[in-house]
Amino acid sequence: MDLEAVKFLASLMEEKGLTSVEIRTGEEEIRLQRQPAALPQEYSSVPVPAPLPKAEKPVAEVVDFNGVTELKSPMVGTVYVSPTPGADPYVQRGDKVKKGQVLCIIEAMKLMNEYTAPQDGEIVDVCIHDGELVEYGQCLFKIY
């Protein structure tokens with residue numbers, strides 16, 4: 001194998017971002033290997049936040065997931081999280097809700113069905129997005 005072929009392979013490795021290449025032709029064999037390029041400066045200088053000491057973690061953020069209830073869709077349809085397009089959603093994560101409060105609307109066969117909270121509690125997760133198609137039994141909200 002001549003020097004020009006080796007130079008070509010080295011430039012090809014750099015161009016394609018390869019770290020090694022091995023070629024065998026007949027009795028000739030060549031193996032080229034290089035170190036991967038260092039991360040660009042914009043990625044290598046990102047500061048990593050220090051973890052909070054245990055005493056400083058807010059107690060209100062702790063959720064006992066043993067008491068969480070998944071609110072599931074009773075039908076197939078399109079879900080709407082607000083009364084009109086562009087309006088504020090009925091509920092968001094962290095909202096306190098009362099039994100019977102509207103959480104979303106599920107449109108099925110051109111009928112708008114209000115989906116209401118079956119119990120008092122706090123919304124700990126919203127598992128849907130506006131305009132999304134939901135399946136029967138799909139988790140819509142998690143309430144504690």
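Residues satisfying the side-chain contact (heavy atoms from CB on, under 4.5 Å) criterion with Thr116, sequence neighbours excluded, are Val102. Under the rule for a side-chain contact (heavy atoms from CB on, under 4.5 Å), Ala10 has no partner lying at least two apart in sequence or in another chain. Glu27 meets the side-chain contact (heavy atoms from CB on, under 4.5 Å) test with no other residue; sequence neighbours excluded. Under the rule for a salt bridge (Lys or Arg N to Asp or Glu O under 4.0 Å), the partners of Lys96 that lie at least two apart in sequence or sit in another chain are Glu122. For Tyr80, the side chain to side chain donor-acceptor pair (under 3.5 Å) test picks out Glu107, with sequence neighbours left out. With sequence neighbours left out, the side-chain contact (heavy atoms from CB on, under 4.5 Å) criterion links Pro74 to Ile106, Tyr115. Every residue meeting the salt bridge (Lys or Arg N to Asp or Glu O under 4.0 Å) condition with Arg24, not counting sequence neighbours, appears here in chain and number order: Glu22, Glu29.
Considering every non-hydrogen atom in both Cys139 and Ile128, the closest pair reads O-CG2, 4.2 Å. Taking all atoms of both residues into account, the shortest heavy-atom contact from Ser82 to Ala87 is CB-O, 3.5 Å. Contact between Lys98 and Ala117 at its shortest, heavy atoms only, is O-CB, 3.6 Å.
The side-chain hydrogen bond (donor to acceptor under 3.5 Å, both in side chains) analysis of residues 129-140, with sequence neighbours excluded, yields no pairs.
Using a 4.5 Å heavy-atom cutoff, the side chains of Val97 and Ile143 are in contact. Considering only heavy atoms from C-beta on, Leu103 comes within 4.5 Å of Leu71 through its side chain. Proximity of Gln92 to Ile123: side-chain heavy atoms (C-beta onward) are nowhere separated by under 4.5 Å.
With hydrogens and angles disregarded, no donor-acceptor distance shorter than 3.5 Å links the side chain of Asp125 to the backbone of Lys142.
Both Leu140 and Met75 belong to a single network of hydrophobic side chains, linked directly or stepwise wherever heavy atoms of I, L, V, M, F, W or Y lie under 4.5 Å apart.
Taking SG of Cys127 as the reference point, atom NZ of Lys72 lies at 10.5 Å (rounded to 0.5 Å).
The residue from Ile105, Val81, Asp95, Val126 that alone fulfils the side-chain contact (heavy atoms from CB on, under 4.5 Å) condition with Tyr90 is Ile105.
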Handout entry: Worked check of side chain to side chain contact (heavy atoms under 4.5 Å, CB included) between Val124 and Phe141
Key = CA-CA 8 Å; Val124 293; Phe141 301 94; over 6 Å; no

